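Labels below follow one simple rule: chain letters A, B, ... track the order of the sequence lines, proteins then strands, and each chain is numbered from 1. Computed from a prediction, not measured in an experiment: that's the story for all the values here.
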Amino acid sequence: MAPAAPIPGASAPASAGGAPTVPVDSAVTIEHPADPTRGDFASNIALKLAKPYRRPPLEIARIIAAHVVTTATDPDSPIAAVEVAPPGFLNVRLSDHALAATVQSILRNPASWGRITVARPEHINVEFVSANPTGPLHIGNARGAFTGDLLCRVLAAAGHKVEREYYFNDFGSQVKNIGASVVAIREKCDIPDDGYHGDYVYDLARDLPASVLVDADRTGEDPSWAVGRWASEQVRSGIEASLDHLGCHFDVWRSESTLHNDGWVKQAVDRLRAAGDVYEEDGAVVFRSTKFGDDKDRVILRSTDDAAPTYFAADIGYLVEKFSRGYERIVFIWGEDHHGYVARVKAAAQSLGFDRDAVQMILTAWVRFVRDGKEVSMSKRTGEFITLDELLAEIGVDAARWFFASRAASSGIDFDIELAKKQSNENPVYYVQYAHARIASILRKAEEAGMTPPGADDARLAGLLEAILPGVPEAQLARQIARLPEVVEDAAVSEETHGITTYATELATAFHAFYRDARVIDETEPDRSAGRLALIAATKTTLANAFGLLGVSAPETM
RNA sequence: GCGCCCGUAGCUCAGCGGAUAGAGCACCUGACUUCGGAUCAGGUGGUCGGGGGUUCGAAUCCCUCCGGGCGCGCCA
């Protein structure tokens with residue numbers, strides 16, 4: 001739940017003289033106790049120091065607590081109390097003053113609430129989806145879209161500079177295959193065995209402009225290629241429209257052919273050669289990837305005259321091209337069926353002289369598509385699949401985003417669209433959105449009653465907030481609000497986003513509980529009402545910003 | 001055969017070295033003459049796949065077995 005935060009400088013203990021130097025590693029953590037009555041933060045540092053100091057953890061904890069308490073007598077200290085709990089935890093409680101200051105800062109600058117700056121911001125390229133434009137996106141491809149879009153939002157919120165990229169193949173035989181399929185339908189012949197059969201292929205055949213065939217005829221080109229290029233561009237722009245509908249935008253669309261035409265592939269092969277990491281075998285050129293930990297060496301050219309590069313060769317060229325743009329980190333989001341590919345791409349990066357750790361692969365687990373409890377195979381070739389568009393039409397963007405955001409990338413999903421439709425009304429996203437709409441409603445009502453929440457620069461704000469925070473409902477809500485930045489950090493570090501949906505749900509629960517116990521609009525208690533209005537305004541901002549991380553809408557009414 | 005991922009409540013999933021293993025859905029019992037009941041309070045439900053080991057402490061780390069998924073083209 002909480003980040004495993006190393007404590008800076010924790011190897012310099014405060015006890016008098018003769019203290020051993022204690023190596024502190026990531027095993028020392030500060031986290032939120034599962035039980036909120038234990039305080040706002042808990043650390044296991046005393047447990048970790050017990051062994052090197054050869055003292056009981058409880059005793060060490062008491063020494064540290066005594067030291068912290070003396071500094072906490074300062075009225076401006078954010079720490080209100082430090083407690084020691086068996087077997088040696090240190091539990092720290094935040095002061096109302098600190099909580100009030102947090103709420104105030106949210107109201108002062110709502111847009112930046114939850115945005116943080118990590119220790120080392122990077123320029124990161126994230127490539128995802130990258131489905132070949134041979135058919136519309138189906139829910140299998142779509143997982144990468146959800147995962148990648150969410151990751152990019154989180155990385156950006158954490159202070160990284162992020163560029164989103166889609167790589168598509170317009171070079172290989174699949175292009176010709178879809179062209180041949182379209183041509184076959186057009187000429188009322190049977191679709192070839194390796195062709196495509198979905199309804200969209202028939203639509204393409206219907207929409208194909210005659211000029212494409214005429215031009216091919218004039219130049220003497222195989223019409224399958226000419227039609228294939230036309231068809232794949234149609235499909236690609238359809239994919240872009242689907243992703244747009246999802247709220248997922250790409251900064252760069254890169255085609256494989258540009259890598260070949262602009263010389264990146266050749267340059268990459270030359271560099272591998274210069275590094276002495278290629279050899280020739282059976283008339284092919286082979287990259288010695290085993291030198292860098294791969295299981296076997298990989299063919300990069302199918303002949304020795306620099307012709308016929310393999311798909312892998314294009315990927316190596318792509319690595320060179322991407323790094324030439326100055327990224328410090330290059331992330332690929334792949335389906336787990338590509339896991340065998342990780343070692344060879346990292347090997348290539350290393351041979352090319354790049355940091356292999358700057359190349360990172362995130363693998364998403366399989367989505368099994370089930371209908372009536374039985375698996376249905378999805379295939380663009382057979383045309384049997386559920387498209388992203390259908391999914392979004394059936395259950396809506398918000399419910400779909402929440403569904404995928406709630407699951408770890410590594411967690412396999414059984415997707416039953418009938419079940420998803422049935423359950424979409426039960427999707428927790430509505431529960432959280434309801435909390436947001438309810439706050440909006442209260443704020444509207446307050447305005448009608450002539451009560452506006454105190455502004456961020458209202459001199460009375462701090463005092464009004466500190467006056468209400470001793471209240472249990474207020475304090476619990478404020479503590480939930482205050483967690484957003486660390487939730488963002490957690491998500492950015494772990495590169496998993498489901499903590500955000502969990503957090504948003506917990507925040508909504510905290511608000512609903514507050515709503516039950518604390519009446520906001522009360523003309524007889526103007527000061528308390530003003531403080532509570534400020535608190536729920538900050539809650540609304542926090543919910544809205546969490547939705548922003550998820551790409552989910554924040555409705556004023558439902 | 002080799003490699004990677006995954007087995008946690010009836011279902012879908014969190015937790016990934018700490019304090020009593022959690023949430024949503026489902027099921028059961030309650031709660032509105034006041035700011036939105038798409039709500040709230042409570043309850044039923046678990047050999048964390050099995051077995052060893054490491055540790056003060058294991059769902060979490062290591063070994064092993066069982067079950068499931070995915071890879072192991074000069075395809076893309």
Side-chain angles (χ1 to χ4, degrees), chain A residues 1 4 26-27 29 31 33-35 38 42-44 47-48 50-51 56-57 85-89 91 132 134 169 171-175 177 194 256 281-286 295-296 298-303 308-315 335-343 363-366 368 375 403 406-416 419-420 422-423 425-435 437-446 448-449 451 494 496 498-499 501-502 505-506 508-509 511-513 515-522 529 532-533 536 557-558:
Chain A
M1 188 177 303
S26 60
T29 60
E31 61 178 18
D35 178 354
R38 295 198 181 102
S43 178
N44 63 352
L47 292 162
K48 293 299 170 194
K51 187 169 287 181
F89 288 101
N91 295 331
N132 283 342
T134 52
N169 176 280
F171 192 80
S173 51
Q174 301 309 321
V175 173
N177 288 345
D194 54 0
E256 185 183 348
E281 188 177 74
D282 299 337
V285 176
V286 184
D295 292 337
K296 56 174 83 163
R298 308 289 172 176
V299 172
I300 51 177
L301 301 176
R302 276 168 269 190
S303 63
T310 63
Y311 182 81
F312 178 47
D315 259 8
E336 66 173 351
D337 54 327
H338 281 62
H339 69 78
Y341 220 69
V342 172
L363 302 177
T364 59
W366 212 240
R368 285 174 72 234
E375 178 165 11
F403 179 88
S406 307
R407 287 151 173 79
S410 63
S411 144
I413 292 180
D414 283 356
F415 196 94
D416 183 331
L419 197 63
K422 222 181 299 172
Q423 290 181 346
N425 289 332
E426 307 297 332
N427 192 308
V429 72
Y430 299 118
Y431 172 82
V432 185
Q433 287 181 320
Y434 181 68
R438 203 179 211 184
I439 295 172
S441 169
I442 296 171
L443 293 173
R444 282 193 298 271
K445 206 129 221 159
E448 287 166 16
M451 305 170 75
S494 65
E496 286 284 4
H498 52 264
T501 56
T502 304
T505 306
E506 288 169 357
T509 298
F511 170 72
H512 287 307
Y515 176 85
R516 181 193 67 229
D517 295 331
R519 183 168 180 89
V520 178
I521 300 173
D522 182 355
S529 289
R532 286 177 175 171
L533 281 169
I536 66 168
T557 60
M558 291 178 72

A.B. asks: Are there runs of at least three consecutive Watson-Crick or G-U pairs touching RNA chain B, with each pair's two distances under 3.5 angstrom? Give them by first number.
C.D. replies: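 If one scans RNA chain B for consecutive Watson-Crick or G-U pairs, the stems found are B:1-7 with B:66-72, B:10-13 with B:22-25, B:27-31 with B:39-43, B:49-53 with B:61-65.
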
A.B. asks: For the side chain of H512(A), counting heavy atoms from C-beta on, which of A14(B), G36(B), U39(B) is nearest?
C.D. replies: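 Among A14(B), G36(B), U39(B), the one nearest the side chain of H512(A) is U39(B).
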
A.B. asks: Using a heavy-atom cut-off of under 4.0 Å over every strand shown, decide if Y515(A) touches base, sugar-phosphate, or nothing.
C.D. replies: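 Base contact - Y515(A) has a heavy atom under 4.0 Å of at least one base atom.
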
A.B. asks: What I'd like to find out is whether the side chain of N177(A) reaches to under 4.5 Å of the side chain of T134(A), using heavy atoms alone.
C.D. replies: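 A side-chain contact is absent here, since even the closest heavy-atom pair is not under 4.5 Å.
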
A.B. asks: Examine G36(B): is either OP1 or OP2 under 4.0 Å from a nitrogen or oxygen in the side chain of K445(A)? Give yes or no.
C.D. replies: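 Result: yes.
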
A.B. asks: Scan D315(A) against the nucleic acid and name what it touches under 4.0 Å (heavy atoms): base, sugar-phosphate only, or nothing.
C.D. replies: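 Contact class for D315(A): none.
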
A.B. asks: Is any side-chain heavy atom of E256(A) closer than 4.5 Å to a side-chain heavy atom of V175(A)?
C.D. replies: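 Contact flag for E256(A)/V175(A) side chains = no.
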
A.B. asks: Provide the distance between the two P atoms, one in G50(B) and one in A58(B), to the nearest whole Å.
C.D. replies: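 Pairwise P distance, G50(B) against A58(B), rounds to 15 Å.
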
A.B. asks: Which whole number of Å gives the distance between the P atom of U54(B) and that of G71(B)?
C.D. replies: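 Those two atoms are separated by 39 Å.
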
A.B. asks: 5'-most contact on RNA chain B: L363(A) or P428(A), nearest heavy atom basis?
C.D. replies: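 This one resolves to L363(A).
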
A.B. asks: If I take atom CG in residue N44(A) and atom C1' in nucleotide C56(B), what distance separates them, rounded to the nearest angstrom?
C.D. replies: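 Whole-Å distance recorded here is 13 Å.
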
A.B. asks: Start at the 5' end of RNA chain B and walk down; is the nucleotide closest to D337(A) or to A42(A) reached first?
C.D. replies: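 Comparing both residues, the 5'-ward one is A42(A).
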
A.B. asks: Rounded to the nearest 0.5 Å, what's the gap from CZ on R407(A) to OG1 on T501(A)? Could you check?
C.D. replies: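 Between R407(A) CZ and T501(A) OG1, I get 9.0 Å after rounding to 0.5 Å.
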
A.B. asks: How long is the line joining CD of E336(A) and P of C6(B), in whole Å?
C.D. replies: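 The distance from CD of E336(A) to P of C6(B) comes to 9 Å, rounded to the nearest Å.
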
A.B. asks: Is there a side-chain contact between K296(A) and the phosphate of C2(B), meaning an N or O under 4.0 Å from OP1 or OP2?
C.D. replies: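 False: K296(A) side-chain N/O out of range (4.0 Å or more) of C2(B) OP1/OP2.
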
A.B. asks: In whole Å, what separates the P atom of C6(B) from that of G10(B)?
C.D. replies: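 That atom pair is separated by 22 Å.
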
A.B. asks: For a quick check of understanding: with a heavy-atom distance under 4.0 Å over all strands, which category does S441(A) fall into, base, sugar-phosphate or nothing?
C.D. replies: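 The residue S441(A) makes base contact.
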
A.B. asks: Between G17(B) and A59(B), how far is it from one C1' atom to the other, in whole Å?
C.D. replies: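 To the nearest whole Å, 11 Å.
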
A.B. asks: Rounded to whole angstroms, how far apart are CG on N132(A) and C1' on C75(B)?
C.D. replies: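 It is 11 Å, rounded to the nearest whole Å.
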
A.B. asks: Choosing from C75(B), C35(B), A38(B), which nucleotide comes nearest the side chain of S173(A)?
C.D. replies: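 Selected nucleotide (nearest to the side chain): C75(B).
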
A.B. asks: Within the structure shown, what part of the strands sits under 4.0 Å from S303(A) by heavy-atom distance: base, sugar-phosphate, or nothing?
C.D. replies: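 Nothing, no heavy atom under 4.0 Å.
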
A.B. asks: Carefully, step by step, assess I442(A) and R532(A) under the rule side chain to side chain contact (heavy atoms under 4.5 Å, CB included).
C.D. replies: CA-CA 11 Å; I442(A) 296 171; R532(A) 286 177 175 171; over 6 Å; no

A.B. asks: What integer distance in Å separates Y341(A):OH from C75(B):C1'?
C.D. replies: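 Taking OH of Y341(A) and C1' of C75(B), I get 10 Å after rounding.
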
A.B. asks: Over how many whole Å does the gap from Y434(A) atom OH to C40(B) atom P extend?
C.D. replies: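 Interatomic distance, OH of Y434(A) to P of C40(B): 9 Å.
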
A.B. asks: Would you call the rings of Y341(A) and F312(A) parallel, tilted or perpendicular, where under 30° means parallel and over 60° means perpendicular?
C.D. replies: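 Correct class here is perpendicular.
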
A.B. asks: By nearest atom, which of the nucleotides C5(B), U12(B), C35(B) is closest to the I521(A) side chain?
C.D. replies: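 My answer, after comparing the listed nucleotides, is C35(B).
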
A.B. asks: Tell me what A408(A) touches on the nucleic acid: a base, only sugar-phosphate, or nothing, going by heavy atoms under 4.0 Å.
C.D. replies: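 Sugar-phosphate contact only - A408(A) comes under 4.0 Å of backbone atoms but never of a base.
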
A.B. asks: Does C75(B) have its OP1 or OP2 closer than 4.0 Å to a side-chain nitrogen or oxygen of R302(A)?
C.D. replies: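 Yes, within the criterion.
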
A.B. asks: Report which part of the nucleic acid D282(A) touches: base, sugar-phosphate, or nothing (heavy-atom distance under 4.0 Å, all strands).
C.D. replies: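 Base contact.
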
A.B. asks: Quick one: pull up CZ in R298(A) and CG in D315(A) and give me the separation to the nearest 0.5 Å.
C.D. replies: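 The CG atom of D315(A) is 12.5 Å from CZ of R298(A), to the nearest 0.5 Å.
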
A.B. asks: Just to be sure I understand the rule, does A308(A) reach a base, reach only the sugar-phosphate, or reach nothing, if contact means heavy atoms closer than 4.0 Å?
C.D. replies: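 No contact.
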
A.B. asks: Could you check how far CG of D194(A) sits from P of A76(B), rounded to whole Å?
C.D. replies: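 Going from D194(A) (CG) to A76(B) (P), I get 13 Å.
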
A.B. asks: Please examine the side chains of F403(A) and V429(A), heavy atoms only from C-beta on, and report whether any two atoms are closer than 4.5 Å.
C.D. replies: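 Side chain of V429(A) against side chain of F403(A), heavy atoms only: no contact under 4.5 Å found.
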
A.B. asks: What distance do M558(A) atom CE and Y430(A) atom OH have between them, rounded to the nearest 0.5 Å?
C.D. replies: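 If we round to the nearest 0.5 Å, M558(A):CE and Y430(A):OH are 7.5 Å apart.
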
A.B. asks: R516(A) near the nucleic acid: base, sugar-phosphate alone, or nothing, with a heavy-atom cut-off under 4.0 Å?
C.D. replies: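 Since only primed, P, OP1 and OP2 atoms lie under 4.0 Å of R516(A), the category is sugar-phosphate.
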
A.B. asks: Of all the heavy-atom pairs spanning V299(A) and A284(A), show the shortest one and how long it is.
C.D. replies: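 Closest approach of V299(A) to A284(A), heavy atoms only: CG1-CB, 4.1 Å.
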
A.B. asks: Nearest to the V520(A) side chain among C35(B), C5(B), A76(B), which nucleotide is it?
C.D. replies: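 That would be C35(B).
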
A.B. asks: I'd like to know if H339(A) reaches the base of C70(B) with its side chain, counting only an N/O donor and acceptor under 3.5 Å.
C.D. replies: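 Per atom types, the contact qualifies.
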
A.B. asks: Counting the atoms with a prime plus P, OP1 and OP2 as sugar-phosphate, which does A508(A) contact under 4.0 Å by heavy atoms, base, sugar-phosphate, or nothing?
C.D. replies: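 Answer is nothing: A508(A) stays at 4.0 Å or more from every strand.
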
A.B. asks: Classify the nucleic acid contact of F312(A) as base, sugar-phosphate or nothing, counting any heavy atom under 4.0 Å across all strands shown.
C.D. replies: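 It contacts nothing in the nucleic acid.
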
A.B. asks: Return the OH to NE2 distance between Y431(A) and H512(A), rounded to the nearest 0.5 Å.
C.D. replies: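 Between Y431(A) OH and H512(A) NE2, I get 4.5 Å after rounding to 0.5 Å.
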
A.B. asks: How far does the C1' atom of C16(B) sit from the matching atom of A31(B), given to the nearest Å?
C.D. replies: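 It works out to 39 Å between them.
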
A.B. asks: Using 0.5 Å steps for rounding, measure from the CG atom of L363(A) to the NE2 atom of H338(A).
C.D. replies: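 Those atoms lie 10.0 Å apart.
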
A.B. asks: Measure from the side-chain heavy atoms of T310(A) and tell me the nearest of U39(B), G36(B), C75(B).
C.D. replies: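 Given the options U39(B), G36(B), C75(B), the side chain of T310(A) is closest to C75(B).
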
A.B. asks: Using the C1' atom on both, measure G7(B) against U12(B) and round to a whole Å.
C.D. replies: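 Comparing C1' positions in G7(B) and U12(B) gives a spacing of 14 Å.
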
A.B. asks: Syn or anti for G49(B)? Use the chi torsion, O4'-C1'-N9-C4 for purines and O4'-C1'-N1-C2 for pyrimidines, with syn inside 90° of 0.
C.D. replies: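 Glycosidic conformation of G49(B): anti.
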
A.B. asks: Rounded to whole angstrom units, what separation is found between the CD1 atom of I439(A) and the P atom of A38(B)?
C.D. replies: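 Distance, rounded to whole Å: 16 Å.
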
A.B. asks: Using the C1' atom as the point on both nucleotides, what is the distance between C48(B) and U8(B), in whole Å?
C.D. replies: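 Result for the C1' pair: 4 Å, nearest Å.
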
A.B. asks: Atom NE2 of H338(A) to atom P of G3(B): distance rounded to whole Å?
C.D. replies: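 One finds 22 Å between P of G3(B) and NE2 of H338(A), rounded.
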
A.B. asks: Please work out if Y431(A) contacts a base, only the sugar-phosphate, or nothing of the nucleic acid, heavy-atom cut-off 4.0 Å.
C.D. replies: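 Sugar-phosphate, backbone atoms only, no base.
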
A.B. asks: Determine the Euclidean distance between corresponding C1' atoms of U33(B) and U29(B); express it in Å to zero decimal places.
C.D. replies: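 After rounding to an integer number of Å, I get 24 Å for this pair.
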
